[in-house]
Amino acid sequence: MNKGKESCSFAGTVLRNKIQKEFRELPAESHVSLRDSLLKHLELYREAPALLVTKLSLALADLALQMSSWTTVIPDLIARYSQDSRSWNVLLECLMVLPEEVGSRQVLSNYNII
C-alpha cells in the first residue's frame with residue numbers, strides 16, 4: 001500500500017472514531033455539513049480501494065445513527081448513488097454496513113443504551 005492510500009485509510013479510521021466518540025460535542029448546526037461532506041467524499045473516492053470506501057461508509061453509518069434529524073437515510077443514499085453504475089459499490093457498501101452498525105457496541109454505548 002502506498003503512502004497516499006495509507007494516509008486515506010488512516011483518515012477514514014480517525015473520522016469514524018471521532019464520529020463514534022465525539023459526535024455529541026459537534027454543534028447541531030454542523031451536522032448537515034458533516035453529512036454532506038461524507039456523502040461527497042464517498043462519491044469522490046468511489047473508485048478508491050475497497051478498504052477506504054468501507055471506512056467512509058462506516059463513518060457515514062455511525063453519523064446516520066446519531067443524527068436524529070436525518071430521517072431519510074436510505075432514500076437519500078439510493079437517490080445519490082444509484083444513478084451512476086460507478087457508484088453502486090458505494091451504495092451497496094453503505095447499505096451493508098448500516099445494519100451492522102445498528103448493533104455496534106461502540107455506537108450503542110455512546111447512547112448509554114448498554
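Because the structure is a prediction, the values reported are computed rather than measured.
For the pair A48 and L52, the tightest heavy-atom approach, listed with the atom from each and the gap, is CB-CD2, 3.8 Å. Scanning all heavy atoms of the two residues, the minimum distance from Y81 to W88 falls at O-CD1, 3.4 Å. Taking each heavy atom of L60 and C94 in turn, the nearest pair found is CD2-SG, 4.0 Å. In terms of heavy-atom proximity, R16 sits nearest to D62 at NE-OD2, 3.1 Å. Residues E101 and L58 come closest through the heavy atom pair OE2-CD2, 3.5 Å. Taking every heavy atom of both residues into account, V90 and S57 meet most closely at O-OG, 4.4 Å.
Without hydrogens or angle criteria, E47 side chain to R86 main chain gives no donor-acceptor distance under 3.5 Å.
Interatomic distance, CD1 of I78 versus CD of Q83, reported as 10.5 Å (0.5 Å rounding). Atoms CG and CG, on L98 and L77 in that order, are 7.5 Å from each other to the nearest 0.5 Å. In this structure, CZ in R46 is found 4.5 Å from CG in D84, a value given to the nearest 0.5 Å. Here the CG-CG distance, from L42 to N89, works out to 9.5 Å after rounding to the nearest 0.5 Å. Taking CG of L91 as the start and CE of M96 as the end, the distance is 10.5 Å to the nearest 0.5 Å.
At a threshold of 4.5 Å between side-chain heavy atoms, the hydrophobic network of Ile, Leu, Val, Met, Phe, Trp and Tyr places V32 and L56 in one connected group.
Under a cut-off of 6.0 angstrom, the local environment of CH2 in W70 is crowded, with over 12 non-hydrogen atoms contributed by other residues, nucleotides or ligands. No more than 12 heavy atoms of other residues, nucleotides or ligands sit less than 6.0 Å from atom OH of Y45.
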Working note: K40 + L44, criterion side-chain contact (heavy atoms from CB on, under 4.5 Å); need CA distance, chi angles, decisive distance, verdict. CA-CA 6 Å; K40 179 75 171 171; L44 289 172; 4.2 Å; yes
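Taking 4.5 Å as the limit, every side-chain heavy atom of R35 sits out of range of all side-chain heavy atoms of L38.
Partner L63 forms a side-chain contact (heavy atoms from CB on, under 4.5 Å) with one of L39, V73, L34, L26 and no other, that one being L34.
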